[in-house]
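Here the structure is laid out as structure tokens; the discussion comes afterwards.
Positions are given from 1, in the same order as the sequence printed here.
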Amino acid sequence: MSKYSQDVVQILHENQPEYVSGQYIAEQLNISRTSVKKIIDQLKAEGCEINSVNHKGHQLQQLADTWYPGIVEKITAEQGFFQETFVYPTIDSTQLAAKQKLVGNHDAILVLSNEQTKGRGRFNRPWDSAKGKGLWMSAVFRPNVPFSMITTFNLFMALAIRETIQAFSIDDVAVKWPNDIYIGPKKVCGFLTEMSANSDGIEAVICGIGINMNQEASDFPQEIAHRATSIYNHADEKIDRYAFLTLLLENMKTRYIQFLTVPFESIREEYVKHSNIWNRKLKFTENDKQFSGKAISIDKDGFLLVEDEQGEKHRLMSADIDL
């Protein structure tokens, strides 16, 4: 990628839907019009849809399936929540990168990558993070709250993710307590939350999120194809990754403020309404102990209340649930 590609695509993006002359771009970047044409041709080859018309200039119609740092940084700057944003073409894991950036840092941080080579979900399970197909990110929050509140953090974030996906899906989107999002019987998103703390309290909460956006059914590995889906498979058109990211960050900010200012009880009914674990027999695994039963409710602290087949009650803070 040319050193000026990021600048050119940002100029085109900022001026949508207008045409931008090659002369204007050249003057802004202090390069020749010939260089501008080469960069435009390169961007088209990468997958950007750009309409070029003599004597009018260049009009960006659609970005390529990649994250352009300048555009992402503009989105986060307008949102005004994350102080630092890191965007990678490929990375082993956004969660590992986010943890590394905690050292000597007290900011709210967003880490985003076009591809993960070692993406992981809960219980260290691998997460297929194909290049250009989904949203692979980790967000670092800095809540000044007691440890007792952290049990509900996932539940607020789950609603933020669910309502974002629902805005793009024509089918109903549901939460599977505590860390998964489903469309119908298939999983579209998984997320995990980790905490960094010391004797003085919580230093950071790191929320890693993997969302399948534009995979076709044939894109999923055979071993997970029967249980995985993407938003695209439940939408009228391809998902605009930048529109999706913008809405997701807005919803996460709103739900994070809720988490800090109101008790979980105030959103409990909403969470229960959008959950897919009720009125069905489920298999629960917690600390290597397995049992079957039914989910009864979620209490004010975010714990799941379950009754097993023997009638014994359980209060689960975190568990793996087979639907």
Side-chain angles (χ1 to χ4, degrees), residues 95 120-125 127 139 141 143-163 172-182 185-210 227 252 254-323:
Q95 196 76 348
R120 289 291 182 270
R122 295 177 70 222
F123 309 109
N124 205 35
R125 292 170 179 154
W127 180 274
F141 298 86
N144 182 19
V145 298
F147 287 103
S148 60
M149 282 182 61
I150 294 301
T151 56
T152 65
F153 178 86
N154 277 0
L155 310 185
F156 283 90
M157 287 299 109
L159 288 180
I161 298 168
R162 190 214 72 83
E163 59 197 347
D172 288 341
V173 182
V175 176
K176 191 188 89 170
W177 181 94
N179 292 84
D180 293 331
I181 311 295
Y182 275 62
K186 294 186 177 183
K187 183 174 175 179
V188 70
C189 166
F191 67 101
L192 64 93
T193 299
E194 298 177 286
M195 183 173 61
S196 175
N198 56 34
S199 57
D200 295 327
I202 298 167
E203 290 184 330
V205 173
I206 311 105
C207 185
I209 302 172
R227 63 177 187 271
M252 289 177 69
T254 298
R255 293 295 184 176
Y256 180 65
I257 293 171
Q258 278 189 327
F259 163 72
L260 294 177
T261 57
V262 301
F264 172 66
E265 186 65 26
S266 67
I267 65 157
R268 193 179 72 84
E269 283 191 22
E270 181 183 6
Y271 187 92
V272 168
K273 174 185 176 183
H274 293 301
S275 297
N276 64 356
I277 59 174
W278 313 118
N279 303 313
R280 57 198 301 182
K281 183 180 177 180
L282 304 168
K283 185 170 74 174
F284 301 87
T285 304
E286 185 183 44
N287 300 325
D288 297 325
K289 178 184 176 182
Q290 284 191 352
F291 62 92
S292 295
K294 289 185 177 181
I296 301 170
S297 184
I298 297 174
D299 70 15
K300 64 181 179 62
D301 298 314
F303 286 73
L304 185 64
L305 306 181
V306 175
E307 181 179 310
D308 65 25
E309 292 179 315
Q310 287 71 46
E312 182 180 348
K313 301 294 196 300
H314 302 262
R315 185 172 184 258
L316 308 180
M317 182 176 71
S318 179
D320 193 25
I321 302 176
D322 286 340
L323 297 177

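- Residue M195 qualifies as enclosed at atom CE: its count of foreign heavy atoms under 6.0 Å is above 12.
- In this structure, the side chains of M252 and T254 stay at 4.5 Å or more apart for every pair of heavy atoms.
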Item to complete: Before giving the answer on salt bridge (Lys or Arg N to Asp or Glu O under 4.0 Å), spell out for E163 and R255 the whole-Å C-alpha distance, their side-chain angles and the decisive distance to 0.1 Å.
Response: CA-CA 11 Å; E163 59 197 347; R255 293 295 184 176; 3.1 Å; yes
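- Side-chain atoms of T261 come within 3.5 Å of backbone N or O of I257 as a donor-acceptor pair.
- Side-chain rings of F259 and F141 stay apart, their centers remaining 6.0 Å or farther from each other.
- The backbone N or O of G293 lies less than 3.5 Å from no partner atom in the side chain of D308, so there is not a single donor-acceptor pair.
- Counting non-hydrogen atoms of other residues, nucleotides and ligands closer than 6.0 Å to CG of N144 gives a total of 12 or fewer.
- Checked by atom type and distance alone, the side chain of K176 never pairs as donor or acceptor with a backbone atom of I277 at under 3.5 Å.
- Taking all atoms of both residues into account, the shortest heavy-atom contact from D301 to R315 is OD2-NH2, 3.2 Å.
- Residues F284 and L316 are in side-chain contact: their nearest non-hydrogen atoms beyond the backbone lie under 4.5 Å apart.
- N154 places no side-chain N or O within donor-acceptor distance of the main-chain N or O of M157, the cut-off being under 3.5 Å.
- Side-chain contact check for D180 versus C189: every heavy-atom pair is 4.5 Å or farther apart.
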Worksheet item: Would E307 and K313 count as a salt bridge (Lys or Arg N to Asp or Glu O under 4.0 Å) if you check the C-alpha gap in whole Å, the side-chain angles of each, and the deciding distance to 0.1 Å?
Response: CA-CA 5 Å; E307 181 179 310; K313 301 294 196 300; 3.3 Å; yes
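- A distance-only check finds no donor-acceptor pair linking the side chain of R162 to the backbone of I181 [under 3.5 Å].
- Without hydrogens or angle criteria, W177 side chain to G302 main chain gives a donor-acceptor distance under 3.5 Å.
- The main-chain N or O of K283 is never found under 3.5 Å from a side-chain atom of Q290 such that the two would form a donor-acceptor pair.
- A side-chain donor-acceptor contact under 3.5 Å links Q95 to the backbone of G208.
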